[in-house]
2 protein chains.
Amino acid sequence: MPKGVPSATVSRLVTYLRVLTDLERAGVSRTSSDILATEAQVTAFQVRKDLAYFGSFGTRGSGYSVHGLRQELRRILGLTRPWRVAIVGMGRLGQALADFPQLGEFDFELVAAFDVDEQKVGKVLGGVEVRHTDELARAAADLDIDIAFLTVPTPAAQAATDKVVAAGIVGILNFVPTVVSTPPEVWVETVDFLAALKRLAYYIKGRAPVIDESGVKVGST
Amino acid sequence: MPKGVPSATVSRLVTYLRVLTDLERAGVSRTSSDILATEAQVTAFQVRKDLAYFGSFGTRGSGYSVHGLRQELRRILGLTRPWRVAIVGMGRLGQALADFPQLGEFDFELVAAFDVDEQKVGKVLGGVEVRHTDELARAAADLDIDIAFLTVPTPAAQAATDKVVAAGIVGILNFVPTVVSTPPEVWVETVDFLAALKRLAYYIKGRAPVIDESGVKVGST
DNA sequence: ATATGTGAATTGATTCACAGCG
DNA sequence: CGCTGTGAATCAATTCACATAT
């Protein structure tokens with residue numbers, strides 16, 4: 001596990017893994033940095049450099065084994081063992097994620113769900129019984145929870161995070177549009193579509209088609 | 001609109017804007033790069049450098065006007081005018097997004113929804129009438145659509161993207177876990193929670209609590 | 001002949017120190 | 001005096017050229 005790997009490299013490795021999975025599913029047995037680069041929309045240099053952080057996985061002159069490189073990437077990314085996931089916050093999004101069928105496909109197992117609403121505690125939503133968030137520490141130890149999906153309302157985010165941290169959970173997938181504080185041993189990845197939408201506004205500002213006086217779309221000025 | 005702004009800066013501007021909105025809502029009238037930095041979990045240097053790409057918005061010795069800086073960031077990010085959004089792909093996620101109440105709060109207006117499924121075309125899902133995806137080009141011109149939310153099944157992603165591009169839409173918020181190809185005048189922001197989850201696995205690999213033989217959690221080795 | 005793996009060069013982003021203004 | 005704004009320095013990431021292996 002080398003140090004100093006750019007986080008952009010980790011993101012790209014996830015993309016390469018998806019491309020390799022598609023290739024393997026399509027029955028392709030060998031590939032190259034060129035092909036991976038095209039599919040991932042990066043350069044072949046970048047693909048090779050990204051892989052070089054972790055070792056040498058190809059054969060000079062003939063490229064990479066699709067299956068072999070896929071296994072290596074799964075190992076590098078830590079996707080060869082099942083991760084045990086809990087959802088914290090069973091509102092609309094939490095319930096939708098509980099229902100999401102493809103989680104298991106990728107060795108992520110939903111093992112618990114939590115909410116502070118007594119109306120929800122004890123009910124089964126999306127196939128899991130909802131427990132009270134105060135049970136987090138006990139349940140995390142019993143159920144060996146690795147990852148929490150944080151899907152609580154924004155004002156509750158930090159308090160819920162503190163409970164997750166106190167429970168010894170080291171990974172948080174944060175769906176709440178706010179920055180939460182955690183000790184350094186806890187890693188937080190954020191998924192925030194409103195933030196992505198606002199970035200998009202920045203990039204297309206001034207590019208959006210302009211309608212001229214006759215109602216015809218013309219290029220931006 | 002300065003060139004060469006790091007994309008990380010754009011992401012952080014979105015965070016600063018959220019912090020400023022919270023501060024304004026809380027009735028705070030002035031702030032500083034230090035306060036913004038703490039809330040956004042970056043350094044004060046970084047805040048000032050990020051803002052410096054676009055101008056000078058503070059007062060030396062006394063910091064920033066919360067309201068003033070918030071307006072500047074809204075202007076910089078292109079959030080002072082309404083953006084017209086269409087959803088392409090009215091499956092589970094598309095319907096959930098159509099139902100999402102907070103879009104309008106941020107000057108994003110849902111103006112149309114598309115699907116290829118004849119069963120869905122003509123129905124009203126999440127408050128919008130669903131049109132056939134082949135109507136995209138016509139509708140985009142009539143309704144002046146700026147942004148498409150891409151929420152189609154993965155195998156349909158590129159074909160749907162091509163229709164979006166042909167319709168003259170310049171911004172795509174891509175929820176599909178794949179890389180789509182677009183001409184350079186179209187900007188794509190990707191929201192992929194499975195990718196974020198896999199990155200998380202990488203970072204916590206080796207950090208996850210280890211259970212010793214007596215069933216007690218101990219630090220990772 | 002061909003495509004990988006990698007050190008060197010370049011480009012880009014962040015950090016810093018302090019000059020500049022209120 | 002305090003806090004912003006910014007050029008210079010450091011640090012990090014990407015690009016490139018080519019040596020290397022099959």
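Everything numeric in this text was worked out from a predicted model, so none of it was measured. Reminder, nothing fancy here: chain letters follow the sequence lines and each chain counts from 1.
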Is [X] close enough to [N] that one of its side-chain N or O atoms is under 4.0 Å from OP1 or OP2 there?
X	N	result
A:Thr43	D:dT15	yes
B:Tyr64	D:dG5	yes
A:Ser33	C:dA3	no
B:Arg12	C:dT14	yes

Can you check the [X] [atom1] to [N] [atom2] distance for me, whole Å?
X	N	atom1	atom2	value
B:Ile35	D:dG2	CD1	P	15 Å
A:Arg30	D:dT22	CZ	P	13 Å
A:Tyr53	D:dT14	OH	P	7 Å
B:Phe54	D:dT6	CZ	C1'	16 Å
A:Asp50	D:dA13	CG	C1'	10 Å
A:Glu72	C:dT4	CD	P	16 Å
A:Lys49	C:dG5	NZ	P	12 Å
B:Asp34	C:dT15	CG	P	14 Å

- Message: For B:Glu72, run the side-chain hydrogen bond (donor to acceptor under 3.5 Å, both in side chains) check against B:Arg70, B:Arg74, B:Arg75 and tell me which one passes.
- Response: B:Arg75
- Task: Using a 4.0 Å heavy-atom cut-off across all strands, classify B:Ala8 as base, sugar-phosphate, or nothing.
- Result: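 Since only primed, P, OP1 and OP2 atoms lie under 4.0 Å of B:Ala8, the category is sugar-phosphate.
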- Message: If you only use heavy atoms from C-beta on, which nucleotide in C:dG5, C:dT15, D:dC3 is closest to the side chain of A:Ser56?
- Response: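 Closest nucleotide among those given: C:dG5.
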- Item | Donor-acceptor pair present, B:Arg60 side chain and D:dT4 base, under 3.5 Å | yes
- Query: Going by modelled atom types, is there a donor-acceptor pair between the base of C:dG5 and the side chain of A:Arg48 at under 3.5 Å?
  - Reply: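 Between C:dG5 and A:Arg48, which were checked side chain against base, a qualifying N/O pair under 3.5 Å is present.
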- Item | Which residue lies more 5' along DNA chain D, comparing B:Phe45 with A:Gln46 via nearest heavy atoms |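 Checking each residue's closest nucleotide, the 5'-ward one belongs to B:Phe45.
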- Task: Take B:Leu51 and A:Thr59, find for each the nucleotide of DNA chain D with the closest heavy atom, and name the residue whose nucleotide sits nearer the 5' end.
- Result: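 Checking each residue's closest nucleotide, the 5'-ward one belongs to B:Leu51.
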- Message: Between A:Asp99 and A:Gln95, do the side chains contain a donor N or O and an acceptor N or O under 3.5 Å apart?
- Response: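 Not at all, the side chains of A:Gln95 and A:Asp99 share no donor-acceptor pair under 3.5 Å.
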- Message: For A:Val180, run the side chain to side chain contact (heavy atoms under 4.5 Å, CB included) check against A:Thr161, A:Val186, A:Val164, A:Thr190 and tell me which one passes.
- Response: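 In the set A:Thr161, A:Val186, A:Val164, A:Thr190, the residue that makes a side chain to side chain contact (heavy atoms under 4.5 Å, CB included) with A:Val180 is A:Thr161.
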- Are A:Leu197 and B:Glu189 side-chain neighbours, meaning at least one heavy-atom pair lies under 4.5 Å? no
- Query: Ring centroid separation for B:Phe193 and B:Phe175, is it under 6.0 angstrom?
  - Reply: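 Ring centroids of B:Phe193 and B:Phe175 are no less than 6.0 Å from each other.
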